[in-house]
Amino acid sequence: MVLNLEYFHFSETFPGSPDPGAVPDVPGYSLREYGNRVGVWRLMEILDRHQIRATAAVNSELCLHAPAIIEAGQARSWEWMGHGVSNSVRIPGRTASEQGAMIESTLTGISAATGVRPTGWLGPGLAETQETPDLLRQAGLTYVADWVNDDQPFPMTTAYGDLYSIPYTFELNDKLIFGSRGAPASELHDMIVDQFDVLHREGADSGRVMAIALHPYLTGQPFRSAHLDRALTHLRQRDDVWWATGSEIIEAYRRSTEMQEHE
């Protein structure tokens with residue numbers, strides 16, 4: 001379960017605004033602010049009810065502007081994954097030096113707020129340049145979620161050693177489902193259940209990773225959160241499912257790979 005905990009700048013404009021280009025974009029900004037003021041707490045209650053520990057992709061600026069969210073995540077032993085300084089600041093178009101500074105600033109900010117330096121990364125918008133994987137590994141990160149091209153982890157070769165790709169999702173992602181396609185709320189339930197049933201069946205022979213990507217300002221809306229709750233009830237009926245965080249998945253994959261190499 002990946003929660004995208006994001007901070008946006010008030011001076012930004014947002015897609016779908018009724019007044020494109022207007023600054024401040026009150027509808028666009030306040031919708032996203034709803035996620036940090038209300039939606040995230042609603043999702044926390046649902047995850048608590050189903051005893052699910054999240055991996056939270058967090059903007060480091062959120063640690064400064066919404067420390068109560070970080071404190072609540074800490075109390076739940078969430079895993080923190082670097083997600084850039086702010087979702088208003090993206091990687092493309094920046095030099096390698098600028099990217100490196102952005103990555104380090106993100107990790108340092110999260111570490112200062114949580115006491116733990118993240119080992120995983122999800123780029124804002126899943127965006128990278130050709131230099132990004134090398135820079136992530138150089139910064140000490142061990143896994144990245146930007147690559148949505150597999151249902152299992154795999155190593156990516158960088159100049160500083162292997163960086164592991166962990167299955168994330170662009171499809172089972174409320175940003176695409178609701179933000180881009182405007183799908184009905186019930187579609188979230190149907191997609192989660194169908195995705196789970198197929199991967200659970202395939203995973204009988206070799207494990208599969210299923211990510212559910214949520215943004216509090218979208219799925220944290222009351223009418224959508226109810227469908228997430230119902231879907232998780234279906235998933236929780238199985239007792240042969242491992243509800244793991246990103247680093248736990250990568251560590252298990254590495255151990256399994258090492259065992260196979262020594263057989």
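Just so it is clear, the model here is predicted, and its values are computed rather than measured. Every heavy atom of this structure was used, including side-chain atoms; hydrogens, water molecules and symmetry mates were not.
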Counting only N and O atoms by type, is there a donor-acceptor contact under 3.5 Å from the side chain of [X] to the main-chain atoms of [Y]?
X      : Y      : value
Gln99  : Arg94  : yes
Ser105 : Ala101 : no
Asn59  : His83  : yes
Thr55  : Gly246 : yes
Arg42  : Val38  : no
Arg236 : Gln51  : yes
Asn87  : Tyr7   : no
Gln221 : Gly39  : no
Ser225 : Pro222 : yes
Thr106 : Val85  : yes

Can a side-chain donor-acceptor contact be found between [Y] and [X] if the only test is distance below 3.5 angstrom?
X      : Y      : result
Asn36  : His65  : no
Trp147 : Glu128 : yes
His50  : Asp229 : yes
Thr132 : Thr129 : yes
Gln74  : Trp80  : yes
Ser88  : Glu12  : yes
Glu171 : Thr169 : no
Arg224 : His227 : no

Enter the distance from [X]:[atom1] to [Y]:[atom2] here, rounded to the nearest 0.5 Å.
X      : Y      : atom1 : atom2 : result
Ile103 : Leu135 : CD1   : CG    : 5.0 Å
Met44  : Ile46  : CE    : CD1   : 12.0 Å
Tyr168 : Asn173 : OH    : CG    : 4.5 Å
Leu107 : Met81  : CG    : CE    : 12.0 Å
Leu64  : Ser86  : CG    : OG    : 11.0 Å
Phe196 : Gln237 : CZ    : CD    : 9.0 Å

- Query: So which heavy atom on Pro133 is nearest to which on Leu163, and how close?
  - Reply: O-CD2, 3.8 Å
- Task: If the plane angle is over 60° it's perpendicular, under 30° parallel, otherwise tilted; pick one for Tyr217 and His215.
- Result: perpendicular
- Query: Is the Tyr29 ring parallel, tilted or perpendicular to the Phe14 ring (thresholds 30°, 60°)?
  - Reply: tilted
- Begin from the C-alpha positions of Thr13 and Asp25 and carry the test side chain to side chain donor-acceptor pair (under 3.5 Å) through to its verdict. CA-CA 5 Å; Thr13 60; Asp25 180 353; 5.7 Å; no
Is the number of heavy atoms from other residues, nucleotides or ligands within 6.0 Å of [atom1] ([X]) greater than 12?
X      : atom1 : value
Phe154 : CZ    : yes
Trp41  : CH2   : yes
Gln152 : CD    : yes

- Please lay out, stage by stage, how Ile110 and Arg117 fare under the test side chain to side chain contact (heavy atoms under 4.5 Å, CB included). CA-CA 7 Å; Ile110 296 172; Arg117 187 177 173 91; over 6 Å; no
Mind checking whether [X] and [Y] sit in one hydrophobic cluster, side chains of I, L, V, M, F, W, Y counted as touching below 4.5 Å?
X      : Y      : answer
Ile166 : Val148 : yes
Leu43  : Ile177 : yes
Met191 : Leu232 : yes
Trp243 : Ile192 : yes
Val58  : Met1   : yes

- Steps toward side chain to side chain contact (heavy atoms under 4.5 Å, CB included) verdict (Arg238, Val241): CA-CA 6 Å; Arg238 295 280 190 173; Val241 176; 3.8 Å; yes
- Query: Run the side chain to side chain contact (heavy atoms under 4.5 Å, CB included) check on Glu6 and Arg32 step by step: do they pass?
  - Reply: CA-CA 8 Å; Glu6 299 169 342; Arg32 287 155 180 81; over 6 Å; no
- Do the numbers put Arg137 on top of the ring of Tyr160, so that NZ or CZ is under 6.0 Å from the six-membered ring centre and no more than 45° off the axis? no
Answer whether the closest heavy-atom distance between the side chains of [X] and [Y] falls below 4.5 Å.
X      : Y      : result
Thr219 : Phe178 : yes
Leu47  : Arg76  : no
Glu61  : Val89  : no

- Between Glu248 and Arg53, is there a side-chain N and carboxylate O pair less than 4.0 Å apart? yes
- Decide yes or no on side chain to side chain contact (heavy atoms under 4.5 Å, CB included) for Asp162 and Met156, but give the supporting numbers first. CA-CA 5 Å; Asp162 285 343; Met156 302 173 66; over 6 Å; no
